[in-house]
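The chains referred to below are lettered A, B, ... by the order of the sequence lines, with proteins before strands, and numbering in each begins at 1.
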Protein chains: 2
Amino acid sequence: MHFSTKAEYGLRAMVALARAYPKQKNIAEISEEEGISAKYLEKLIGKLRKNNLVKSQKGKGGGYTLIKNPRQISSGEIIEIMEGPIVSKCDGKKCAKAKKCASSFVWNKLAFQIKKTLFAIKLNELI
Amino acid sequence: MHFSTKAEYGLRAMVALARAYPKQKNIAEISEEEGISAKYLEKLIGKLRKNNLVKSQKGKGGGYTLIKNPRQISSGEIIEIMEGPIVSKCDGKKCAKAKKCASSFVWNKLAFQIKKTLFAIKLNELI
DNA sequence: TTAAAACATACTAAATTAGTATGCTTTAAG
DNA sequence: CTTAAAGCATACTAATTTAGTATGTTTTAA
């Protein structure tokens, strides 16, 4: 069970933007602050923009801003955007045996707890 | 955030052995029961043996048995063996910034909850 | 007009996953 | 005492994912 740097970088970028909120911050600044490759970060933050967590301003003096208040954004939202749905196993679509399969009990319980934990942590707590 | 089939297959193999407990069951039987490639399963179950969750008997009529009673084995143990330590990020060894890094709060809280959940589920509940 | 920013797409090396293939060793049963 | 059925070990492979890099385009404030 691992979490990729995508999730971590996405989260850290969002925390960096939360610190600047409601002002904007650009890739170069976040990259420098967090020690993350600027080009890679640029790609990752694109996902956050397409999923309406941040808005961008192009051109000179541009950058990114959070769309919502930090206290309205959870770590769960960010991580699901960066990594896809949490614990996608045994959702009944992929596995027909889901109902009688013993392990599905574990995955379902786990997914519930992970979501509960991650969606309860809001960005304002991480500043 | 995903879980590999290694964890799932390992868990299902252990549940299959728990159902037979204290009798033994061989690879062919588990493979057939669970619909998992016999050869792959053989490799995976080797990990469980090396980590003292199951013991094997070689030769004709051989197979595997749980070493402990199903109620003494948690899904957490199994999953950690199959996939490595749960949420290995931000343990202070890899990342020097761990203390001040905002995201480490999230990973640590999450790791705690995941472990709590998985170590509380014992094999006897899954039969 | 231009420089600084975001945006888009294609490429790549390394690691991991989910196996398969081949053969060796052990041992109960005949 | 031979043999077939089991586990054990190691090497290989195709596909996918990760963590980027490279190259260039578009937008826009100064």
Side-chain angles (χ1 to χ4, degrees), chain A residues 1-13 16-17 20 23-32 34-67 79 81-85 88-89 94-95, chain B residues 1-13 16-17 20 23-32 34-67 79 81-85 88-89 94-95:
Chain A
M1 155 178 347
H2 88 300
F3 288 80
S4 66
T5 60
K6 269 191 284 189
E8 190 188 328
Y9 291 172
L11 186 56
R12 282 164 58 191
L17 290 175
K23 289 184 196 164
Q24 63 176 16
K25 196 174 264 186
N26 65 35
I27 291 286
E29 288 167 329
I30 302 172
S31 161
E32 219 259 329
E34 296 292 332
I36 300 169
S37 147
K39 270 293 176 195
Y40 191 39
L41 191 58
E42 202 175 345
K43 196 202 261 179
L44 296 181
I45 216 166
K47 275 194 164 183
L48 297 169
R49 180 178 48 83
K50 284 166 192 157
N51 284 277
N52 295 314
L53 283 193
V54 303
K55 62 187 170 193
S56 63
Q57 200 205 330
K58 293 178 81 172
K60 205 167 187 174
Y64 296 89
T65 329
L66 296 186
I67 283 181
I79 290 168
I81 286 166
M82 300 313 292
E83 295 217 35
S88 54
K89 272 186 191 309
K94 290 182 185 175
C95 176
Chain B
M1 152 178 349
H2 89 298
F3 287 80
S4 67
T5 61
K6 269 190 285 190
E8 190 188 329
Y9 292 172
L11 185 57
R12 282 164 58 190
L17 289 175
K23 289 185 197 164
Q24 63 176 16
K25 196 174 265 187
N26 66 34
I27 291 286
E29 289 166 330
I30 302 172
S31 161
E32 219 258 330
E34 296 292 331
I36 300 168
S37 147
K39 269 293 174 195
Y40 191 38
L41 190 58
E42 202 175 347
K43 197 202 259 180
L44 296 181
I45 217 166
K47 275 194 164 182
L48 297 168
R49 182 179 48 85
K50 284 168 192 155
N51 284 277
N52 295 313
L53 283 193
V54 303
K55 62 187 170 191
S56 64
Q57 199 205 330
K58 293 178 82 173
K60 204 168 187 174
Y64 297 88
T65 328
L66 297 186
I67 284 180
I79 290 168
I81 286 166
M82 301 311 292
E83 295 217 36
S88 54
K89 273 189 190 308
K94 290 182 184 174
C95 176

Strand contacts (DNA chain D) in residues 49-57 of chain B, 4.0 angstrom heavy-atom criterion: B/R49, B/K50, B/S56, B/Q57
Residue pairs involving residues 38-50 of chain B (criterion salt bridge (Lys or Arg N to Asp or Glu O under 4.0 Å); sequence neighbours excluded): B/K39-B/E42
Just checking [X]: base, sugar-phosphate only, or nothing, at a heavy-atom cut-off of under 4.0 Å?
X: B/G62; result: sugar-phosphate
X: B/G46; result: nothing
X: A/I27; result: sugar-phosphate

Between [X] (side chain) and [Y] (backbone), is there a donor-acceptor pair under 3.5 Å?
X: B/E83; Y: B/S4; value: yes
X: B/T5; Y: B/E8; value: no
X: B/S31; Y: B/I36; value: yes
X: B/K25; Y: B/A16; value: yes
X: A/Q24; Y: A/G61; value: yes
X: A/N26; Y: A/A28; value: yes

Heavy-atom distance under 4.5 Å between the side chains of A/K6 and A/Y40, does that happen here? yes
So B/L17 and B/T65, do their side chains get closer than 4.5 Å, heavy atoms only? no
For the pair made of [atom1] in [X] and [atom2] in [N], what is the distance, rounded to whole Å?
X: A/L41; N: C/dA6; atom1: CG; atom2: C1'; result: 12 Å
X: A/I45; N: C/dC7; atom1: CD1; atom2: C1'; result: 12 Å
X: B/K47; N: D/dG7; atom1: NZ; atom2: C1'; result: 18 Å
X: B/L48; N: D/dG7; atom1: CG; atom2: P; result: 14 Å
X: A/E83; N: D/dT17; atom1: CD; atom2: P; result: 13 Å
X: B/E8; N: C/dT17; atom1: CD; atom2: C1'; result: 14 Å
X: B/K25; N: D/dA5; atom1: NZ; atom2: P; result: 21 Å
X: A/E42; N: C/dA4; atom1: CD; atom2: P; result: 15 Å

Tell me which nucleotide among [options] gets nearest to the side chain of [X].
X: B/K39; options: D/dA29, C/dT20, D/dA5; result: C/dT20
X: B/K58; options: D/dT18, C/dT26, C/dG19; result: C/dT26
X: A/N26; options: D/dG20, C/dA5, D/dA19; result: C/dA5
X: A/K60; options: C/dT20, D/dA19, D/dA30; result: D/dA30

Between [N] and [X], is there an OP1 or OP2 to side-chain N/O distance shorter than 4.0 Å?
X: A/Y40; N: D/dT18; answer: no
X: A/Y64; N: C/dC7; answer: yes
X: B/S4; N: C/dT16; answer: no

Could you run down nucleotides 9-15 of chain C 5' to 3' and tag each one B, S or - for protein heavy-atom contact under 4.0 Å? -B-----
Please identify which of these residues, B/V54, B/L53, B/L48, meets the side-chain contact (heavy atoms from CB on, under 4.5 Å) condition with B/L66. B/V54
Taking for each residue the nucleotide of DNA chain C bearing the nearest heavy atom, is the 5' side occupied by B/K6 or by A/G63?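 The 5'-side residue here is A/G63.
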